[in-house]
Every structure is written in structure tokens, then in C-alpha cells.
A.B. asks: 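Right, I'll just put the structure down here and ask away after.
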Amino acid sequence: MTDGPGWAAPGAPPSGGSGAPGWGTPLPPAGPGGFGQAPPPQPGYPGQPPQGQPPQWSGGPPGPQNRWRWNAAPKPGIIPLRPLALGEILDGTFAAVRTNPGATVGITLASAAVVETASTLITIGTDNASTAVGVLGTVATFVLDLVLGLFLAGVLSVVVSEATLGSRIGPTDAVRRLAPRLAGLFGLTAVVALAIAIGTLALLVGAVVVGVYLSLATPVYVLEGGSLRQSLRRSRTIVRGSWWRTFGILLLASLVALLLSAVFAIATGLVLASAPGVFGDFLNGDLTTSGHIVEGLGNLLATTVSTPIMSGAVVLIYIDLRIRREGLDVTLSEAARARSAGAGTPG
């Protein structure tokens with residue numbers, strides 16, 4: 001599925017899907033690294049370097065030979081179509097939520113409400129049960145959270161990719177676009193989790209290294225299509241050479257999401273501790289049914305606020321690195337112009 005404007009990897013044949021047409025032509029591979037060649041001059045990109053000469057995006061202010069003019073880059077949606085600064089990636093994640101709350105907060109709230117209700121019922125039902133039943137309940141809750149996480153990551157990949165082009169997509173359309181890839185996301189999540197577990201057994205640092213290299217596998221799988229193995233390899237290829245930058249942005253986005261979640265966790269704790277006769281002993285984890293319900297509501301709000309931020313940051317890192325390495329900004333700019341002229345229709 002390439003339900004977007006030329007998301008397919010450079011040189012890869014377009015894969016079929018049930019969504020938007022594939023605007024733009026993927027750039028051909030150049031050299032053993034497989035990255036796209038510098039594209040020919042396009043409108044809005046003055047100072048294009050000769051073909052085969054890598055663009056320069058660092059080392060001082062943009063000059064006449066610099067492909068990216070920071071003030072002239074088109075911005076059809078939540079980000080300018082050029083290499084992104086750290087602040088622009090974080091700002092883009094919040095902009096995606098502001099411009100399309102229905103397909104970000106709305107989907108997150110609805111799906112998290114279902115999962116949190118089921119988790120709360122499981123917790124209440126196994127509260128005074130045997131140890132074996134308690135373990136099964138914990139495993140069931142973990143599986144539900146895992147399913148929720150991979151579903152939201154996939155849906156938000158679609159939503160943020162559309163927001164990059166200045167388009168809004170409804171919750172129903174976002175889920176429909178993800179549906180053909182949803183089953184494969186389970187396998188992708190299991191493989192990534194297994195790889196991280198192996199890295200953890202080897203060394204904690206190894207788990208972090210593996211996790212960062214595979215962190216873009218979800219947007220690759222959802223937006224580019226292809227198999228699970230191809231998605232994992234593509235994620236590693238895109239991150240290679242930018243591991244520290246990717247790690248730093250992911251860490252900062254995680255801290256922002258954690259702080260937002262902490263606000264609701266603290267508020268929930270204060271409510272539970274204020275009435276031990278009604279909610280039970282919060283400090284010792286011995287909650288009543290009412291206490292479990294309040295705790296579930298707090299978890300629901302925390303998930304609704306934090307998940308779009310983390311998932312949005314991952315998608316924008318993916319777009320940023322592809323702009324830097326593969327000239328994706330030209331393809332996206334062409335798709336945005338086509339849409340604004342009425343020549344393209346969002347999926």
C-alpha cells in the first residue's frame with residue numbers, strides 16, 4: 001500500500017493499495033547506498049546543485065548552491081518541505097493534533113476507551129482471584145495495550161502524512177486506509193519486540209540501539225507498503241548515519257509525552273488518595289471498584305494526550321530523514337501543488 005504521494009522507497013516498484021493514488025515518481029537509486037539521486041530542478045527550489053552532486057544542508061547559511069532555501073521552502077501543511085529542525089518536528093506533532101483533532105485525539109480517545117474499559121474490568125475481576133488468574137489478567141491487559149499501541153501508531157502515521165500535505169482525513173477514512181496493513185502490524189510489532197528483547201539480553205545499550213534503528217518501521221510499513229522484512233530493513237537504512245539525532249528527538253518526544261501523562265497521573269493519585277473510604281488504599285494498590293474506575297479514567301486521559309505526540313514525532317522523523325537522504329521534499333511539493341490545483345484526490 002502506498003496510500004500517499006510517492007511514499008515508496010526509491011527505485012521500488014509501486015505496490016498496490018486501496019487508497020490515494022501515488023503522486024510523483026519515486027527517485028531512482030544512486031550508488032550502493034540505495035539513496036535517491038539529487039532530483040532535477042523544480043519550481044520553488046532555486047539553486048539546485050548539478051545532478052549527482054549531493055545537496056548541502058549544513059555548514060552555514062544557505063548559499064546559491066544550496067538546494068534548500070529555508071525561507072523559500074513550501075509549507076503546504078504542518079511542516080515546511082525541507083530538512084527539519086528539532087523544534088519544527090515537535091511543533092509539527094502538536095500542529096497535527098490542532099489541525100485534525102478528530103483523527104488524532106478522537107481516534108485515540110475512542111480506541112483507548114474501549115481498551116481501558118476492558119482492562120479495568122479485567123483488573124476488577126482478578127483483584128481477589130488466585131495468583132494464576134492474576135497473571136493471566138496481567139498478560140491480557142498487556143496484550144490489549146500492545147494492540148492499542150500498534151493500531152494508534154498505524155492510524156496516526158496516515159493522519160500525520162496527510163497533514164504534511166495540508167490535507168485533513170476523517171477518522172473513518174484513516175482507519176480504512178490502515179485496514180489492509182493492520183494484520184501485518186501485529187507481526188511487525190512482535191518482531192521489533194523480539195529484537196529489542198534480544199538486545200536487552202545482550203546488553204541494555206543494545207536494546208536502545210536496536211530500538212532506535214527499528215523505530216521507523218511502522219511508518220515505513222504503513223506508508224510505503226512492502227513486507228515486514230523490507231520495512232525493518234528500510235527503517236535501519238533510513239536511520240543509519242543519523243542514529244544519535246533520531247535517538248535525541250525520540251528521547252525528547254518521550255519526555256514531553258511522559259510529562260503530559262504525569263499531569264493526569266498526579267491528578268488521579270490526588271483524587272484516589274482524597275477519599276480512601278470510597279476508593280480504597282491507593283498507596284498500597286488496594287483499590288475498590290470505584291477506585292479502579294477512577295484509575296482507568298486517568299489512564300485513558302493520559303493515553304489520549306500522550307500517544308498522538310509520540311506517534312507524530314516518529315512520522316515526522318521519518319519524513320525529515322527521507323527529505324535529507326532521498327529528496328522526498330520534491331515529491332511531496334509536487335503532490336501538494338497537484339492537490340491545491342485539484343489534480344489529486346486524497347484517499
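What's counted below: heavy atoms across the whole structure, side chains too, no hydrogens, waters or symmetry copies.
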A.B. asks: Any side-chain heavy atom of L223 sitting closer than 4.5 Å to one from Y318?
C.D. replies: yes
A.B. asks: Heavy-atom distance under 4.5 Å between the side chains of W243 and V208, does that happen here?
C.D. replies: yes
A.B. asks: Measure the spacing between CZ of R82 and CZ of R324 and express it to the nearest 0.5 Å.
C.D. replies: 9.5 Å
A.B. asks: In the single-linkage hydrophobic clustering (I, L, V, M, F, W, Y; side-chain heavy atoms under 4.5 Å), do F151 and L188 co-cluster?
C.D. replies: yes
A.B. asks: Working to the nearest 0.5 Å, report the span between OH of Y213 and OG1 of T237.
C.D. replies: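 These two atoms lie 10.5 Å from each other.
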A.B. asks: Under 3.5 Å, sequence neighbours excluded: what are the donor-acceptor pairs made by side chains of residues 133-148?
C.D. replies:
from	atom 1	to	atom 2	distance (Å)
T138	OG1	G134	O	3.0
T141	OG1	G137	O	2.9

A.B. asks: Heavy-atom count check: over 12 atoms from other residues, nucleotides or ligands less than 6.0 Å from R245 CZ?
C.D. replies: yes
A.B. asks: How far does CD of E88 sit from CD1 of I78, to the nearest 0.5 angstrom?
C.D. replies: 11.5 Å
A.B. asks: In this structure, would L182 and V315 fall into the same cluster of hydrophobic residues linked by side-chain contacts under 4.5 Å?
C.D. replies: yes
A.B. asks: Is there a side-chain contact between I198 and V210 in this structure, where contact means two heavy atoms from C-beta onward sitting under 4.5 Å apart?
C.D. replies: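 A side-chain contact is absent here, since even the closest heavy-atom pair is not under 4.5 Å.
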A.B. asks: Do the side chains of I249 and L86 get nearer than 4.5 Å, heavy atoms only?
C.D. replies: yes
A.B. asks: With a 4.0 Å cut-off, would you call D173 and R177 a salt bridge?
C.D. replies: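 A salt bridge is absent here (no side-chain N lies under 4.0 Å from a carboxylate O).
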A.B. asks: Are E224 and R322 within salt-bridge range, i.e. N to O under 4.0 Å?
C.D. replies: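 Looking at E224 and R322, the cut-off is met.
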A.B. asks: What donor-acceptor contacts under 3.5 angstrom involve side-chain atoms of residues 305-313, with partners at least two apart or in another chain?
C.D. replies:
from	atom 1	to	atom 2	distance (Å)
S306	OG	S261	OG	3.2
S306	OG	A302	O	2.8
T307	OG1	T303	O	2.9
S311	OG	T307	O	3.3

A.B. asks: Side-chain heavy atoms under 4.5 angstrom apart, residues restricted to Ile, Leu, Val, Met, Phe, Trp, Tyr: same cluster for L252 and V263?
C.D. replies: no
A.B. asks: Would a distance-only check, ignoring hydrogens and angles, find a side-chain to backbone donor-acceptor pair under 3.5 Å from S333 to V330?
C.D. replies: no
A.B. asks: How close do A174 and V159 get, counting heavy atoms only, and between which atoms?
C.D. replies: CB-CG2, 4.0 Å
A.B. asks: Between CG of D329 and CD1 of I323, what distance do you get to the nearest 0.5 Å?
C.D. replies: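 Output value for this atom pair is 5.0 Å.
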A.B. asks: Can you check whether L84's main-chain N or O pairs, donor with acceptor, with D320's side chain at less than 3.5 Å?
C.D. replies: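 Yes, because the side chain of D320 sits within donor-acceptor range (under 3.5 Å) of the backbone of L84.
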A.B. asks: State whether the side chain of S231 and the backbone N or O of S227 hold a donor-acceptor pair below 3.5 Å, judged by distance alone.
C.D. replies: yes
A.B. asks: Going hydrophobic residue to hydrophobic residue with side-chain gaps under 4.5 angstrom, can you get from L287 over to L270?
C.D. replies: no
A.B. asks: Return the minimal non-hydrogen interatomic distance between R181 and Y221, and the atom names on each side.
C.D. replies: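 Closest approach of R181 to Y221, heavy atoms only: NH2-CE1, 2.9 Å.
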A.B. asks: Applying the side chain to side chain contact (heavy atoms under 4.5 Å, CB included) test to I124, which of T120, D127, T126 qualifies?
C.D. replies: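 Going through the options one by one, the only one that passes is T120.
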A.B. asks: Picking from I266, V278, V294, what satisfies side chain to side chain contact (heavy atoms under 4.5 Å, CB included) with V271?
C.D. replies: V294
A.B. asks: Do L258 and L90 belong together in a cluster built from hydrophobic side chains that touch within less than 4.5 Å?
C.D. replies: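 No: no chain of side-chain contacts under 4.5 Å links L258 to L90.
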A.B. asks: Strictly distance-based, threshold 3.5 Å: is any side-chain N or O of S235 a donor or acceptor partner for the main-chain N or O of L232?
C.D. replies: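 Looks like no, no N/O pair under 3.5 Å.
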A.B. asks: What distance separates F279 CZ from T268 OG1, expressed to the nearest 0.5 Å?
C.D. replies: 10.5 Å
A.B. asks: Could you state the interatomic distance from OG1 (T288) to CD (E295), rounded to the nearest 0.5 Å?
C.D. replies: 10.5 Å
A.B. asks: Work out which heavy atom in T93 is nearest to a heavy atom in L316; give both atom names and the distance.
C.D. replies: N-CD1, 3.6 Å
A.B. asks: Does either side chain, that of T172 or that of R176, offer a donor lying less than 3.5 Å from an acceptor on the other one?
C.D. replies: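 Judged by distance alone, the side chains do not pair up.
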A.B. asks: With a 4.5 Å cut-off on side-chain heavy atoms, are L216 and L321 touching?
C.D. replies: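 L321 vs L216: side chains touch.
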A.B. asks: State, with a plain yes or no, whether a side-chain heavy atom of I319 is found less than 4.5 Å away from one of L81.
C.D. replies: no
A.B. asks: Taking side chain as C-beta onward, heavy atoms only, is S242 less than 4.5 Å from R325?
C.D. replies: yes
A.B. asks: Is the shortest side-chain heavy-atom distance between V314 and T218 below 4.5 Å?
C.D. replies: no
A.B. asks: Show me the donor-acceptor pairs within less than 3.5 Å that the side chains of residues 101-117 make with the rest of the protein, sequence neighbours left out.
C.D. replies:
from	atom 1	to	atom 2	distance (Å)
T104	OG1	N100	O	2.8
T104	OG1	P101	O	3.4
T108	OG1	T104	O	2.6
S111	OG	I107	O	2.7
S111	OG	T108	O	3.4
T117	OG1	A113	O	2.7

